[in-house]
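In what follows, a structure is listed as structure tokens, so that the remarks can point back to it.
Only a predicted model underlies this, so the values are computations on that prediction, with no experimental measurement involved. Just so you know, residue 1 is the first one in the sequence shown, and it goes up from there.
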Amino acid sequence: MTTLLYDGSFEGFLTIIFEIYNHKLLPARIASKERYQPQIFDTVEDIGTDEEKAKRVWTGLCKKISAEAQKAIYYTFLSEEDETEIVLYRYIKRILATTHKIEQNFGDPDILKTWQIAKKVAHESHRVIMFVRFQKTADDIYFAGFDPQYDVLPLSLNHFKDRFADQKWVLYDTRRDYGFFYDLQTITEINLTNSTIDFKTSRLKEEAMAEDELAFQQLWKIYYTEMAIKERLNLKLQRQHMPKRFWKYLVEKW
């Protein structure tokens, strides 16, 4: 059984697709090196990322599928679910093998699964936008920690750049330990060392906050409490629209 390994990037995955066709490979599994679990009798081949090869594959795909299908492939890749890469490979293989429009042929299990996963990832990316709460740091940067089920931070960057274009901010994925810093001009991927984040709660530690941050948090809690109509409280409906796993990001729930 042949397993193809890559560095976990989308470009790395596309490079594998290129090499499969270029060398007529028949992989049983495709996995990132970080998530690879060795199996008995496994034959492993490590494929290095090649930006030019990845670009050629993506350009060829884009000529055959709609923008919606392109998004579905990328979103599904970001899910990091087991066997996602091999499902996407089979989906892409079917697209490249025919001149017909089959990108939404839901009678095919791989195509159906791709779109189902993409929908879940899109939903999670909207939740990042809805439930993120920024905290002001001592050096006037607004920080928001998040622990999304899928790797969706890249999908939310344009929203935050447009919405908060006049302030510096950091969005950080505490599950995957990476994030993005906006300096009023560009967005840069970062990894925090000597961190002042509480990775269990995705919050800043108190010593890293601006002097007035705790006061503003307390004001928001008071506002939330006073504005609530106790007689109309519906916890079941609240959990339906705002699942409990997101409460740890909300100041009003601390």
Side-chain angles (χ1 to χ4, degrees), residues 1-65 68-98 102-125 147-155 173-180 189 191 199:
M1 179 165 60
T2 301
T3 297
L4 302 181
L5 299 183
Y6 70 108
D7 63 3
S9 68
F10 189 56
E11 291 77 13
F13 170 69
L14 293 177
T15 302
I16 279 187
I17 300 300
F18 181 93
E19 296 297 347
I20 286 172
Y21 280 90
N22 192 41
H23 297 290
K24 297 181 172 57
L25 304 176
L26 296 173
R29 286 196 302 158
I30 301 172
S32 68
K33 286 180 276 191
E34 184 179 353
R35 300 203 312 270
Y36 171 62
Q37 297 292 329
Q39 295 186 5
I40 299 175
F41 308 124
D42 233 359
T43 300
V44 177
E45 186 170 348
D46 192 343
I47 306 293
T49 298
D50 187 309
E51 298 281 348
E52 186 58 36
K53 291 176 180 178
K55 184 178 179 180
R56 286 175 62 182
V57 171
W58 190 243
T59 300
L61 268 176
C62 290
K63 291 178 181 178
K64 301 201 68 172
I65 58 177
E68 190 179 6
Q70 295 166 31
K71 185 184 293 186
I73 289 173
Y74 182 54
Y75 281 28
T76 301
F77 174 80
L78 292 177
S79 74
E80 301 178 332
E81 289 195 356
D82 292 339
E83 303 298 322
T84 293
E85 292 94 343
I86 203 70
V87 168
L88 280 176
Y89 158 60
R90 292 195 295 257
Y91 179 26
I92 292 170
K93 183 179 179 181
R94 287 171 174 80
I95 290 171
L96 296 178
T98 180
I102 63 165
E103 61 187 41
Q104 293 192 34
N105 176 18
F106 298 137
D108 184 297
D110 291 321
I111 295 176
L112 177 62
K113 187 171 184 179
T114 295
W115 285 85
Q116 287 174 332
I117 294 174
K119 185 177 180 180
K120 291 191 292 184
V121 172
H123 194 196
E124 186 78 351
S125 71
D147 177 23
Q149 183 176 356
Y150 308 118
D151 186 13
V152 295
L153 284 196
L155 305 180
D173 186 330
T174 55
R175 177 179 299 198
R176 296 163 186 85
D177 196 14
Y178 87 105
F180 296 93
E189 184 173 327
N191 294 96
F199 276 71

Could you tell me if Asp7 and Thr49 have a donor-acceptor pair between their side chains, going purely by distance under 3.5 Å? yes
About how many Å separate OG1 of Thr2 and CD of Glu45, when rounded to the nearest 0.5 Å? 8.0 Å
Using only atom types and a distance under 3.5 Å, with no angle test, would you say the side chain of Thr76 pairs donor to acceptor with the backbone of Thr114? yes
Going by distance alone, is a donor N or O of one side chain under 3.5 Å from an acceptor N or O of the other, for Glu11 and Tyr6? no
Side-chain contact, heavy-atom cut-off 4.5 Å: Ile17 with Tyr21? yes
What's the separation between atom OG in Ser32 and atom CD in Glu85, rounded to the nearest 0.5 Å? 6.0 Å
If we ignore angles and hydrogens, is there a donor and acceptor under 3.5 Å between the side chains of Tyr74 and Trp58? no
side-chain contact (heavy atoms from CB on, under 4.5 Å) between Ile117 and Glu81: does it pass, once the steps are laid out? CA-CA 9 Å; Ile117 294 174; Glu81 289 195 356; 3.7 Å; yes
Check step by step if side-chain contact (heavy atoms from CB on, under 4.5 Å) holds for Leu153 and Tyr178. CA-CA 10 Å; Leu153 284 196; Tyr178 87 105; 4.2 Å; yes
Salt bridge between Glu83 and Lys113, side-chain N to carboxylate O under 4.0 Å? no
Which heavy atom of Ile86 sits nearest a heavy atom of Pro27, and at what distance? CD1-O, 3.9 Å
Examine distances only and state if a side-chain atom of Arg94 and a backbone atom of Glu103 form a donor-acceptor pair shorter than 3.5 Å. no
Does CZ in Arg56 sit with more than 12 non-hydrogen atoms of other residues, nucleotides or ligands closer than 6.0 Å? no
Is there side-chain contact between Ile16 and Glu19, with at least one heavy-atom pair below 4.5 Å? no
Does Trp115 use its side chain to pair, donor to acceptor, with the backbone of Ile73 at less than 3.5 Å? no
Determine, stepwise, if the pair Asp173 / Asp177 fulfils side-chain contact (heavy atoms from CB on, under 4.5 Å). CA-CA 6 Å; Asp173 186 330; Asp177 196 14; over 6 Å; no
Are Leu25 and Leu4 close enough, and set up right, to give a side-chain contact (heavy atoms from CB on, under 4.5 Å), and what steps lead you there? CA-CA 9 Å; Leu25 304 176; Leu4 302 181; 4.2 Å; yes
Show the nearest heavy-atom pair for residues Ala72 and Ala118, with the distance to one decimal. O-CB, 3.6 Å
